[in-house]
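Taking it in order: structure first as structure tokens, then the write-up.
Indexing begins at 1, ligand by ligand and atom by atom, following the structure's order. Here, residue 1 is the first one in the sequence, and each next residue gets the next number. Note that the structure is predicted; figures quoted are calculated from it, not measured.
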Amino acid sequence: MYENRLTCDVCPHGCELAPGMTGRCRARIHRVKDGEGKIIPLNYGTVTSIALDPIEKKPLARFFPGSFILSVGSFGCNLNCPFCQNHEISMKGAEDFLRDEPLTEADNHLTPAELAQIAVNTQNRGNIGVAFTYNEPLIGYEYVIDTAKLLREDGLKTVLVTNGCVNEATADKVLPYTDALNIDLKSYDAGIYRDRLGGDLETVKRFIKKANDNCHVEITTLIVPGMNDTKEEMIKIAQWIASLPGGDEIPLHITRFFPRSKLEDAAPTDVSLIYELSDVAGQYLKYVYPGNV
Ligand code: SF4
Ligand code: SF4
């Protein structure tokens, strides 16, 4: 009987999955078919949110400003940020979104071709492509790549809004099909990444570096009171971004936290602090955008 465990190599968690087991992200599973095991994305084609948004909302401030982008999300995430603004989908698994019955038009499933067609059909409303966002898109990178190839044939763009916490091999697969990214740099403290967010700072830095060599990159730091709200930490973040090739031209979005998820009872970030930290970052970077203020 087939009982092998397989290791998922998409992100640094390296989940070891027995047959039928789902990884920490709830989106990848060890499936056995005809006696052969394979780790596959359970969320392939499952769309839990779809909206035509201004590109500035991703946020991307310096990539086709004034345009719109078809924004889609699925389910699952490989991090577990206590302040997640999209926890209704990022913290959920297949059981919440997939159905046993045959798919009907009412189901939340879109093939890459169907999604690309919606993107084409909304070009007349200012749409420039598809943004994979809301949950973590790279834990289901296969769907991103399959759709991005079709979008490119139609002259449309692929945007990723990501936590950037994936292995280099995953980045190498997806970045050639990506035009622009907004990547979270949630803290400059490795302990906070590991213990509070379930991520890895060095992996995220490597991903940002690689993405910046290949695509248009903007970075977001959500300022959470008591987690990453000091001037010293902002100096480290801004200095590191500025040290990348062309780094002083990488836009940084410094955004305000609102109580959500496990931090529902926390106070929102002071608006004045967002402006103060934006001034600090502005000493190293040309484009700093205070957000949610
Ligand atoms: S992508 Fe998911 S299954 Fe794969 S290693 Fe990361 S958390 Fe585990
Ligand atoms: S990385 Fe983003 S989607 Fe995932 S838990 Fe953190 S805030 Fe939520």
Can K205 and E202 be counted as an ion pair, charged N to O under 4.0 angstrom?
yes
D270 (side chain) donor-acceptor with S272 (main chain) under 3.5 angstrom
no
Atom 6 (Fe) of ligand 2 has as its nearest protein heavy atom C81 SG, 2.3 Å
Closest protein heavy atom to atom 3 (S) of ligand 1, given as residue, atom name and distance to 0.1 Å:
G23 CA, 3.6 Å
Under 2.8 Å from atom 4 (Fe) of ligand 2, is there any N, O or S atom belonging to C84?
no
Give the residue, atom name and distance (to 0.1 Å) of the protein heavy atom nearest atom 4 (Fe) of ligand 2.
C77 SG, 2.3 Å
Residue C25 vicinity, atoms of ligand 1 by number, heavy atom under 4.0 Å:
1 (S), 2 (Fe), 3 (S), 7 (S)
List every atom of ligand 1 that sits less than 4.0 Å from any heavy atom of G14, numbering the atoms from 1 in the order shown and giving each element.
5 (S)
Quick note on ligand 1: atoms under 4.0 Å from a heavy atom of C8 include exactly 1 (S), 3 (S), 4 (Fe), 5 (S)
Out of N163, V161, D184, who gets a non-hydrogen atom closest to atom 1 (S) of ligand 2?
N163
For atom 7 (S) of ligand 2, which candidate among E136, K186, H87 provides the closest heavy atom?
K186
Side-chain donor/acceptor of T170 to backbone N/O of V10, under 3.5 Å:
yes
Numbered atoms and elements of ligand 1 in range of R28, under 4.0 angstrom, heavy atoms
1 (S), 3 (S), 4 (Fe)
So, 2.8 Å as the limit: is an N/O/S atom of C15 located closer than that to atom 4 (Fe) of ligand 1?
no
For Y287, is the NZ or CZ atom of R62 found under 6.0 angstrom from the centre of its six-membered ring and inside 45 degrees of the ring axis?
yes
Is it true that, when you exclude R31 itself, more than 12 heavy atoms of the residues, nucleotides or ligands shown sit nearer than 6.0 Å to its CZ?
no
Any idea which atoms of ligand 1 are less than 4.0 Å away from a heavy-atom of V10?
1 (S)
Looking only at heavy atoms, which two atoms of N212 and P245 are closest? And how far apart?
ND2-O, 3.0 Å
Do D200 and R194 meet the salt-bridge criterion of a basic N to acidic O distance under 4.0 Å?
no
Counting only heavy atoms not in K209, do more than 12 sit closer than 6.0 Å to its NZ atom?
no
